Amino acid sequence: MNSKKVLVSPIADRLRSARTKKGISQKQLGILAGIDQFSASPRINQYERGKHVPDYATTARLANALSVPVTYFYADVDELAELILLFSNATKKKQEQILNQLKY
């Protein structure tokens with residue numbers, strides 16, 4: 001039997017995680033990202049359930065509203081997503097140190 005692995009976008013889980021960590025509702029997030037207030041909650045709910053995947057521009061607005069880099073949403077490995085968050089929150093000097101350490 002030939003079984004195909006279904007690829008699921010990591011955006012749903014990352015979005016839910018970042019939103020709950022920030023402590024805001026789906027509606028609040030949608031409004032902060034420029035979604036009409038009457039459809040904000042249902043749209044974010046659909047994104048978090050993986051029913052729909054936001055386009056890049058919408059994902060960038062969501063990232064901005066949640067103060068996370070947009071690349072965080074596309075990381076398909078949890079450790080990489082965590083590294084992206086840690087790296088983005090580090091000072092420029094610390095980022096340079098991390099990069100140098102990883103290079104050598």
Side-chain angles (χ1 to χ4, degrees):
M1 182 178 192
N2 186 9
S3 64
K4 293 182 179 180
K5 184 177 180 181
V6 178
L7 295 178
V8 179
S9 171
I11 294 174
D13 289 337
R14 305 265 179 259
L15 183 59
R16 184 180 309 106
S17 176
R19 180 184 59 77
T20 57
K21 189 178 283 187
K22 188 156 180 127
I24 61 175
S25 70
Q26 291 176 336
K27 183 174 185 172
Q28 289 170 313
L29 173 57
I31 292 169
L32 287 171
I35 299 171
D36 178 79
Q37 67 177 346
F38 299 108
S39 61
S41 183
R43 289 236 340 245
I44 300 300
N45 183 273
Q46 289 178 347
Y47 295 154
E48 288 186 359
R49 289 185 304 135
K51 185 172 181 178
H52 295 287
V53 177
D55 62 24
Y56 185 84
T58 302
T59 304
R61 289 193 311 271
L62 291 166
N64 185 54
L66 292 166
S67 303
V68 298
V70 71
T71 52
Y72 166 76
F73 291 114
Y74 296 99
D76 59 351
V77 177
D78 290 342
E79 292 82 4
L80 179 57
E82 184 177 2
L83 182 61
I84 290 169
L85 288 178
L86 292 171
F87 187 82
S88 70
N89 289 324
T91 64
K92 187 71 173 164
K93 183 176 181 179
K94 186 66 173 173
Q95 288 177 349
E96 290 171 4
Q97 290 172 344
I98 293 167
L99 287 174
N100 285 330
Q101 186 176 6
L102 292 173
K103 287 178 186 177
Y104 305 107

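We use all heavy atoms of the structure for the numbers below, so side chains are in, but hydrogens, waters and symmetry mates are not. Just so it is clear, the structure is predicted and the values come from calculations on it, not from any experiment.
Among all heavy-atom pairs drawn from Ala75 and Pro10, the shortest one is O-CB, 3.5 Å. Closest heavy-atom contact between Ala63 and Pro69: CB-C, 4.1 Å. Shortest non-hydrogen contact noted between Pro42 and Ser39 is CD-O, 3.3 Å. Taking every heavy atom of both residues into account, Tyr72 and Arg14 meet most closely at O-CD, 3.2 Å. Among all heavy-atom pairs drawn from Gln28 and Ser25, the shortest one is OE1-N, 2.7 Å.
How far OG of Ser9 is from NE2 of His52: 13.0 Å, rounded to the nearest 0.5 Å. Atoms CD and CG, from Gln26 and Asn45 in turn, are 4.5 Å apart once rounded to the nearest 0.5 Å. Distance check: Asp13 CG to Asp76 CG gives 12.0 Å after rounding to the nearest 0.5 Å. Between the OG atom of Ser17 and the NZ atom of Lys22 there is a distance of 13.5 Å, given to the nearest 0.5 Å. Expressed to the nearest 0.5 Å, how far OG1 of Thr59 lies from CD1 of Ile11 amounts to 4.5 Å. For the atom pair Leu66 CG and Lys21 NZ, the distance stands at 11.0 Å (nearest 0.5 Å).
Of the possible polar contacts, none joining the Arg49 side chain to the Ala12 backbone as a donor-acceptor pair under 3.5 Å is found. No donor-acceptor pair closer than 3.5 Å links the side chain of Asn64 to the backbone N or O of Ala60.
A continuous path of hydrophobic side-chain contacts links Val53 to Leu29 [ILVMFWY only; heavy atoms under 4.5 Å]. No chain of hydrophobic side-chain contacts below 4.5 Å, direct or via other Ile, Leu, Val, Met, Phe, Trp or Tyr residues, connects Phe38 to Ile35. Following chains of ILVMFWY side-chain contacts shorter than 4.5 Å, one cannot reach Ile84 starting from Leu102, and the two form parts of different hydrophobic clusters. Linking ILVMFWY side-chain heavy atoms closer than 4.5 Å, directly or via other members, places Val68 and Val77 in a single hydrophobic cluster. If you chain together hydrophobic residues whose side chains sit under 4.5 Å apart, Ile44 and Ile31 never meet in one group.
Side-chain contact of Thr58 with Arg61: a donor-acceptor pair under 3.5 Å is present, judged by distance alone.
Only one option out of Leu80, Leu86, Asp78 pairs with Glu82 in a side chain to side chain contact (heavy atoms under 4.5 Å, CB included); it is Leu86.
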